[in-house]
Amino acid sequence: MNVAASTVFVVDDDGSTRELLTFLMKRNDLAVEAFPDAASFLAAYGADRPGCLVLDLNMPGMSGLDLQQYLKEQGVLLPVIFLSGRADIPKAVQAVREGAIDFIEKPFDYKLVLERVRDCLERDRVARAGRDRKRLVAEKLHALTQREREVLDLVVAGKLNREIAEALDISIKTVEAHRARLMEKLEVDSVAGLVQVVVAAG
């Protein structure tokens with residue numbers, strides 16, 4: 001997934017702001033979708049869609065903060081930039097504490113918004129790639145047999161084949177066979193590689 005495949009989601013009850021941001025994104029070759037409220041955004045958005053959210057802080061019904069919190073509760077980790085027509089420092093601080101990337105006051109600087117949007121799209125790309133890697137590693141670990149997992153844990157703990165054989169009450173040749181199979185399954189060729197796999201899996 002690259003940034004070019006990402007979408008900038010604009011959620012703002014002010015029509016002129018939606019039009020302006022839509023124009024700005026399209027002019028800079030960024031895919032954009034605009035929504036007048038949180039409900040219409042939620043109806044259209046799927047958690048697997050990469051991008052970032054440019055969100056008005058103060059909206060009738062579900063506010064920007066409410067939407068941010070709802071997305072967090074649903075496990076949606078879309079980067080958020082807040083916009084607000086009023087200087088509301090307490091809400092701004094809360095938004096950032098909840099994970100917003102930035103808080104921009106209206107009327108905003110076009111270059112600043114574009115800079116922040118591009119930063120958020122890159123953050124989302126990197127985060128999704130990391131989550132994909134972690135999921136792939138977890139699937140590989142899940143494919144190991146219980147004995148292979150036991151051998152893996154002992155190898156990563158720094159144990160020698162002889163020590164692993166004693167700990168599991170099996171022969172050294174059996175340990176070597178398990179090591180060879182688990183390294184093949186995990187697609188690594190060294191103990192360092194095994195350690196990296198276990199670390200990547202969290």
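Hydrogens, waters and symmetry mates are skipped; everything else that's a heavy atom, side chains included, is used. Residue numbers count from 1 along this sequence.
Two residues are said to be in side-chain contact when any heavy atoms from C-beta on lie closer than 4.5 Å; P60 and D37 fail this criterion. Looking at heavy atoms from C-beta onward, L154 lies in side-chain contact with L168 at the 4.5 angstrom threshold. Residues L42 and Q74 form no side-chain contact, since every pair of their non-hydrogen atoms from C-beta on lies 4.5 Å or further apart. Within the 4.5 Å cutoff, side-chain heavy atoms of L30 are placed close to those of L114. Contact of the L53 side chain with the L67 side chain is registered, since non-hydrogen atoms from C-beta on lie closer than 4.5 Å. By the 4.5 Å heavy-atom criterion applied to side chains, I170 and R147 are counted as neighbours. Between D119 and I81, the closest side-chain pair of non-hydrogen atoms is not below 4.5 Å. Put simply, the side chain of E139 reaches to within 4.5 Å of the side chain of R135, judged on heavy atoms.
In the hydrophobic clustering of this structure, F9 groups with Y70; members are Ile, Leu, Val, Met, Phe, Trp, Tyr whose side-chain heavy atoms approach within less than 4.5 Å, directly or through other members. Under the 4.5 Å side-chain heavy-atom criterion for grouping Ile, Leu, Val, Met, Phe, Trp and Tyr, L112 is connected to V8 within one hydrophobic cluster. Hydrophobic clustering (ILVMFWY, side-chain heavy atoms < 4.5 Å, transitive): Y45 and L77 are in distinct clusters. Hydrophobic cluster membership is shared by V199 and V191, with clusters built from Ile, Leu, Val, Met, Phe, Trp and Tyr side chains linked at under 4.5 angstrom. Follow the hydrophobic side-chain contacts under 4.5 Å out from Y110 and you reach V10 in the same cluster.
To the nearest 0.5 Å, atom OG1 of residue T17 and atom CG of residue L24 are 12.0 Å apart. The distance from the CG atom of N161 to the CZ atom of R179 is 4.5 Å, given to the nearest 0.5 Å. Atoms OG and CZ, on S171 and R162 in that order, are 14.5 Å from each other to the nearest 0.5 Å. For the atom pair CG of D14 and CD of E19, the computed distance is 9.0 Å after rounding to the nearest 0.5 Å. In this structure, CZ on R27 lies 14.5 Å from OG1 on T22, to the nearest 0.5 angstrom. Distance CZ/F41 to CE/M59: 10.0 Å, rounded to 0.5 Å.
Closest approach of S6 to A31, counting heavy atoms only: O-CB, 3.5 Å. What you find for V197 and V137 is that their closest heavy atoms are O-CG1, 3.3 Å. When every heavy atom of A44 is checked against every heavy atom of F35, the shortest pair comes out as CB-CE2, 3.6 Å. Pairing each heavy atom of R18 with each of D12, the nearest pair is NH1-O, 2.7 Å. When all heavy atoms are compared, the tightest approach of S84 to L57 is CB-CB, 4.0 Å. Counting all heavy atoms, side chain and backbone alike, M62 lies closest to A38 at SD-CB, 3.5 Å.
By the 4.0 Å N-to-carboxylate-O rule, R181 lies too far from E184 to be salt-bridged with it.
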(request) Start with the C-alpha distance between R123 and I101, add both sets of side-chain angles, then the distance that settles side chain to side chain contact (heavy atoms under 4.5 Å, CB included), and finish with yes or no. (result) CA-CA 10 Å; R123 284 180 189 227; I101 302 303; 3.3 Å; yes

(request) Could you please spell out the steps behind the salt bridge (Lys or Arg N to Asp or Glu O under 4.0 Å) verdict for E122 and R125? (result) CA-CA 5 Å; E122 178 60 16; R125 184 193 68 76; 2.6 Å; yes

(message) One pair to check against side chain to side chain contact (heavy atoms under 4.5 Å, CB included): V32 and L21. What are the steps and the verdict?
(response) CA-CA 9 Å; V32 59; L21 287 169; 5.9 Å; no

(request) Please step through side chain to side chain contact (heavy atoms under 4.5 Å, CB included) for the pair H178 and I164, ending with a clear verdict. (result) CA-CA 11 Å; H178 284 312; I164 295 171; over 6 Å; no

(request) In sequence, state the C-alpha distance, the side-chain angles, and the governing distance for D56 and V11, and then conclude on side chain to side chain contact (heavy atoms under 4.5 Å, CB included). (result) CA-CA 6 Å; D56 187 30; V11 183; over 6 Å; no

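The neighbour count for K140 NZ, taken as heavy atoms of other residues, nucleotides or ligands under 6.0 Å away, is above 12. Annotation for K26: atom NZ does not count as buried by contact number, only 12 or fewer foreign heavy atoms lying within 6.0 Å.
With R128 contributing its side chain and R49 its backbone, the two residues share a donor-acceptor pair below 3.5 Å. Remark: the backbone N or O of G51 is paired with a side-chain donor or acceptor of D124 at under 3.5 angstrom.
Note on ring orientation: taking the six-membered ring where Trp is involved, the planes of F82 and F103 are tilted (angle from 30° to 60°).
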